[in-house]
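Quick note on labels: first sequence line is chain A, next is B, and so on, each numbered from 1. Keep in mind that what you see is a predicted model, and the values were worked out from it rather than measured. Computation of the quantities below employed the complete heavy-atom set of this structure, encompassing side-chain atoms and omitting hydrogens, waters and symmetry-equivalent molecules.
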There are 2 protein chains.
Amino acid sequence: MTGITAKGLATRERIIEGAAATIRELGVPEATLDAIRARTATSKSQLFHYFPGGRQELLLAVAHHEADRVLSDQQPHLSALTTWDDWQRWRTAVVRRYRRQGRTCPLAVLMTELGRSDPAAQEVTRSLFIRWRRELAAGVAAMQGTTATLDPDRYAGAIIATVQGGVSLLLATGSTRELEDGLDLMLEPLRRG
Amino acid sequence: MTGITAKGLATRERIIEGAAATIRELGVPEATLDAIRARTATSKSQLFHYFPGGRQELLLAVAHHEADRVLSDQQPHLSALTTWDDWQRWRTAVVRRYRRQGRTCPLAVLMTELGRSDPAAQEVTRSLFIRWRRELAAGVAAMQGTTATLDPDRYAGAIIATVQGGVSLLLATGSTRELEDGLDLMLEPLRRG
DNA sequence: CAGAGATTGGACCTGCAAGTCCAGAGTCCT
DNA sequence: AGGACTCTGGACTTGCAGGTCCAATCTCTG
């Protein structure tokens, strides 16, 4: 007796997608419930029916949605980083993904808005970071073989930092140059085995 | 006839400082004019007297203020990066500064709020990035001497990306580990001359 | 088909935050 | 001193966004 039909679930999904799109377009402060309502063709009561916690809960659901996209957009490369060519393909996919996303980072925007007040929101990024690092660390370990000079976990964390920073600069400057240069430099030790 | 006295200027400064503190404490959305008023012991009319553009203009002034702090907090190290020891001291200063700042980045928070709508706000980060990169590039060039294998400008951009990303992860995880590991790896080529 | 519960529409309420205004106090200059 | 300004206090207006509510409709189940 979950009390939710397929139709209801579809509506709920539609709201999340629409809210995500609205946020990408207008930013969190301008993404009012009315704006989301207009885009998703829903009524006030629907919004509060599926997200009883109101705007806060909806934004959190969108944050989850966007966090999942971060990793899935890096697939299938992210889960198969065993050769230098694999790493190069992953690098290319990451750069392309963020170049397309352009000067808007829905997740960052959501976190700066929610993260302060809502512990559940902090958990979203924390979890994203951990899953991401696990995948990269596996790839690092595979490359290093037995002669492990660098702790894969820490190296993976540093790689993620570089991606994050590159994206930040993309937001500020509109260019992916720093992201690309940063990644190339950061991955150099891997190339040399 | 600028029409502003020393007293007025002091008030204006007080408002900016107080607004910056309020934002660090509560975040941009919660930093209402009333909250700023309370902290700075000012009246509505003062806020609009010194910032006719209202809240938007005040936030922009705070962004300028915070952007300047980013670089001044790295001094005097930032402007004297000629030896490996200099770079190490700079690295330490950066890590300490952001560890102290903790899980709040007033500038990032301001930019995600203002950057979308206000071109003047984008110019703040753009200018910060350019000044920052110029200083670091000078340091890189000094280290490389005549045998320049890496373009100092691009290398500097990559270093900034790593700092930015490390700070992002600090905000997400509360740890400076990724910032430190990232910087160590990114600066490694400099150590080897 | 009948009823229970899920789903929907949209009017309504409420609080709050930005911004306006004007009168009064302070200050500078000659 | 006196006039012209800057500066300040705080009441007021306004708009709007979040949230509530109830009645109507749909959709499953038996």
Side-chain angles (χ1 to χ4, degrees), chain A residues 1-23 25-63 109-110 113-114 116-118 120-121, chain B residues 1-19 21-23 25-63 109-110 113-114 116-118 121:
Chain A
M1 189 74 88
T2 53
I4 188 166
T5 67
K7 184 186 178 189
L9 198 64
T11 301
R12 199 189 128 97
E13 288 303 313
R14 195 175 80 242
I15 292 173
I16 292 179
E17 303 268 3
T22 307
I23 288 169
E25 194 171 313
L26 305 175
V28 176
E30 304 297 317
T32 68
L33 294 186
D34 277 334
I36 296 170
R37 240 170 42 66
R39 179 185 281 265
T40 58
T42 50
S43 68
K44 260 313 180 40
S45 69
Q46 281 173 293
L47 259 43
F48 284 86
H49 181 69
Y50 295 106
F51 305 93
R55 189 177 130 98
Q56 187 88 347
E57 185 179 340
L58 172 55
L59 292 184
L60 183 59
V62 174
V109 148
L110 277 162
E113 185 100 351
L114 294 179
R116 182 174 315 267
S117 50
D118 195 340
Chain B
M1 192 69 91
T2 52
I4 189 165
T5 68
K7 184 186 178 189
L9 198 63
T11 302
R12 200 189 127 96
E13 288 303 314
R14 193 173 83 242
I15 292 173
I16 293 179
E17 303 268 3
T22 307
I23 289 169
E25 195 172 311
L26 305 175
V28 176
E30 302 297 317
T32 67
L33 295 186
D34 277 334
I36 296 170
R37 240 169 43 67
R39 180 185 280 264
T40 58
T42 51
S43 68
K44 263 298 179 49
S45 67
Q46 281 173 292
L47 259 42
F48 284 87
H49 181 69
Y50 294 107
F51 304 94
R55 188 178 131 99
Q56 187 88 346
E57 186 179 340
L58 171 55
L59 293 184
L60 183 58
V62 174
V109 150
L110 277 163
E113 186 100 351
L114 294 178
R116 184 174 313 269
S117 50
D118 196 339

Exercise. Should R55(A) and V28(A) be marked as a side chain to side chain contact (heavy atoms under 4.5 Å, CB included) after you check the CA-CA gap, both sets of side-chain angles, and the distance that decides it?
Worked result: CA-CA 11 Å; R55(A) 189 177 130 98; V28(A) 176; 3.7 Å; yes
Exercise. Listed in order of residue number, which residues of residues 50-59 of chain A have a non-hydrogen atom at under 4.0 Å from DNA chain C?
Worked result: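 Going residue by residue through residues 50-59 of chain A, the ones with a heavy atom under 4.0 Å of DNA chain C turn out to be Y50(A).
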For this session: Walk me through it: do Y50(A) and T42(A) pass the test side chain to side chain contact (heavy atoms under 4.5 Å, CB included)?
Result: CA-CA 11 Å; Y50(A) 295 106; T42(A) 50; over 6 Å; no
For this session: Could you tell me whether E25(A) and R39(A) make a salt bridge, using a distance below 4.0 angstrom between a side-chain N and a carboxylate O?
Result: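 Between R39(A) and E25(A) there is a salt bridge, with a charged N closer than 4.0 Å to a carboxylate O.
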From [atom1] of [X] over to [atom2] of [N], roughly how many Å is that when rounded to an integer?
| X | N | atom1 | atom2 | result |
| --- | --- | --- | --- | --- |
| E30(A) | dA18(C) | CD | P | 13 Å |
| L33(A) | dC16(D) | CG | P | 15 Å |
| E113(A) | dG18(D) | CD | C1' | 14 Å |
| L9(B) | dC7(D) | CG | C1' | 13 Å |
| L47(B) | dG10(D) | CG | P | 14 Å |
| H49(A) | dT20(D) | NE2 | P | 15 Å |
| R37(A) | dG9(C) | CZ | C1' | 9 Å |

For this session: Go through the steps for I36(B) and L58(B) under the test side chain to side chain contact (heavy atoms under 4.5 Å, CB included), then give the verdict.
Result: CA-CA 11 Å; I36(B) 296 170; L58(B) 171 55; 4.0 Å; yes
For this session: Take F51(B) and L60(B) through the test side chain to side chain contact (heavy atoms under 4.5 Å, CB included) and record every step on the way to the result.
Result: CA-CA 10 Å; F51(B) 304 94; L60(B) 183 58; over 6 Å; no
Closest heavy-atom pair and its distance - [X], [Y]:
| X | Y | result |
| --- | --- | --- |
| T40(B) | R14(B) | O-NE, 3.0 Å |
| Q56(A) | L114(A) | OE1-CD2, 3.9 Å |
| E113(B) | E113(A) | OE1-OE1, 3.9 Å |

For this session: Go through dA17(D), dA17(C), dT7(C) for me and flag the one nearest to the D34(A) side chain.
Result: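 Looking only at side-chain atoms, D34(A) lies closest to dA17(D).
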Problem set entry | Below 4.0 Å: OP1/OP2 of dG9(D) and any side-chain N or O of T42(B) | no
For this session: Look at Q46(A) and dT8(C) and indicate whether a side-chain polar atom (N or O) is within less than 4.0 Å of OP1 or OP2.
Result: yes
Problem set entry | With T32(A) via side chain to side chain contact (heavy atoms under 4.5 Å, CB included) - residues at least two apart | D34(A), A35(A)
Seminar exercise, completed: The contact string for nucleotides 21-30 of chain C, one letter per nucleotide 5' to 3', using protein heavy atoms under 4.0 Å with B, S and - for base, sugar-phosphate only and none, comes out as B----SS---
